[in-house]
Q: 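Structure incoming, see below.
Here is how names work: the chains are called A, B, and so on, in the same order as the sequence lines, proteins then strands, and each is numbered from 1.
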Amino acid sequence: MPELPEVETVRKTLKHLTVGKEIKDVSIFWGNIIKQPKDPNAFGDLLRGQSIKDIDRKGKFLIFHLDDIALVSHLRMEGKFGVYDGTLEKPKHTHVIFHFTDGTELRYNDVRKFGTMHAFKKGEEALNKPLVQLGPDPFDEAFTLDYFHQRLLKTSRNMKAVLLDQSLVAGLGNIYVDEALFRAGLHPERTANTLTREEAESIREASITVILEAIEQGGTTIRSYLNSQGEIGMFQQQLRVYGKQDMECLNCGTPIVKTKVGGRGTHVCPVCQPLHVSE
DNA sequence: CTCAGTACCTGGTTGC
DNA sequence: TGCAACCAGGTACTGA
């Protein structure tokens, strides 16, 4: 469930379900999920006996604040957390289980095993990869027009790639980049350093709006899958181009086109998002 | 340094 | 039906 609004929804749910619980033990069934410390046993040693104080988020990362440790986790494509009764049998794709002293468990489930977990001593998480390389969230006050436009002027990459770059702005993924570009009327293959200040402001505002609206709606649920607590986002009803190929553009009626930009499936209205200005 | 291509994984869908 | 190829909401690493 992985762009910023989905991660934010997970954060809120997990916070209610886990704050105050103490980790009695950790079971790891697929060690590659654990990136820091590299040895999964050392990871378990750090977490044992720690209680969950709070859950935070930066970009698409969840940050579990424990007594002396910060656990940073990324869901990548299909990672899900859920809290369950510890007596239930482990499903096939559950790779990490945090056993709580009250008999419940926080389980990490991930069909593709792409997700990551980093454990740091309290305070060090912000100084190290992966968090240190993140840009501001879209609605951060640090995401100013000056900052954004300056960054755009420094690169000849296309806008699709730039908006997916988490070091410039954190939290946008394939769905929200397509949606924001459509709302700003910009073509995904526009070269970043050709944007006017007005165009930069337009896409900056569209990014913020789309992300905030999606958070309000509980995120986007596609490919009909619920997260582990059975919740479902509603923002898919607001999507205007993502997954809408061959359907009529809501603005002009032209069929939405699906192409590939930078290796990612990309949805665009060829009329509302012209690549070249028509004369 | 930047950037495009590839690697990491599994499973659902598409097309012959 | 069978099966290969392609696709998926992401990012780290490689080498040009």
Q: May I have the distance from A/His267 (atom NE2) to C/dC7 (atom P), rounded to whole angstrom?
A: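 Atom NE2 in A/His267 sits about 12 Å away from atom P in C/dC7.
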Q: Is there a side-chain contact between A/Leu88 and A/Arg107, using heavy atoms and a 4.5 Å cut-off?
A: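 Yes, side chains in contact.
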Q: Just checking A/Phe81 against A/Phe64, ring centres under 6.0 Å apart?
A: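 Yes, ring centres under 6.0 Å apart.
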Q: Would you say A/Gln236's side chain and A/Thr221's backbone share a donor-acceptor pair under 3.5 angstrom?
A: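 Yes, because the side chain of A/Gln236 sits within donor-acceptor range (under 3.5 Å) of the backbone of A/Thr221.
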Q: After noting the C-alpha distance and the side-chain angles of A/Met159 and A/Leu152, does the key distance pass the side-chain contact (heavy atoms from CB on, under 4.5 Å) rule?
A: CA-CA 9 Å; A/Met159 286 305 296; A/Leu152 294 185; 4.0 Å; yes
Q: Over how many whole Å does the gap from A/Leu181 atom CG to C/dG9 atom P extend?
A: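 Spelled out: CG on A/Leu181 to P on C/dG9 is 15 Å.
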Q: Which part of the nucleic acid, if any, lies within contact of A/Lys35, taking any heavy atom under 4.0 Å across all strands shown: a base, the sugar-phosphate backbone alone, or nothing?
A: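 Contact class for A/Lys35: none.
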Q: Would you indicate what A/Asp110 reaches in the nucleic acid, counting non-hydrogen atoms under 4.0 angstrom: base, sugar-phosphate, or nothing?
A: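 Answer is nothing: A/Asp110 stays at 4.0 Å or more from every strand.
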Q: Scan nucleotides 10-16 of chain C nucleotide by nucleotide, 5' to 3', and note B when protein non-hydrogen atoms come under 4.0 Å of the base, S if they reach only the sugar-phosphate, - if neither.
A: BBSS---
Q: P atom, B/dC9 versus C/dT14: distance in rounded Å?
A: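 Approximately 15 Å lies between the P atom of B/dC9 and that of C/dT14.
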Q: Write down the distance separating the P atoms in B/dT14 and C/dG9, rounded off to the nearest Å.
A: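 Comparing P positions in B/dT14 and C/dG9 gives a spacing of 15 Å.
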Q: How close or far is atom P of C/dA8 from atom CD of A/Glu6, stated in whole angstroms?
A: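 About 16 Å, once rounded to whole Å.
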Q: Evaluate A/Asp102 against A/Lys24 for salt bridge (charged side-chain N to carboxylate O under 4.0 Å, His left out), listing each step before the verdict.
A: CA-CA 9 Å; A/Asp102 69 357; A/Lys24 183 170 70 180; over 6 Å; no
Q: Heavy-atom contacts under 4.0 Å between residues 146-162 of chain A and DNA chain B, which residues?
A: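 A/Thr155, A/Ser156, A/Arg157, in order of number.
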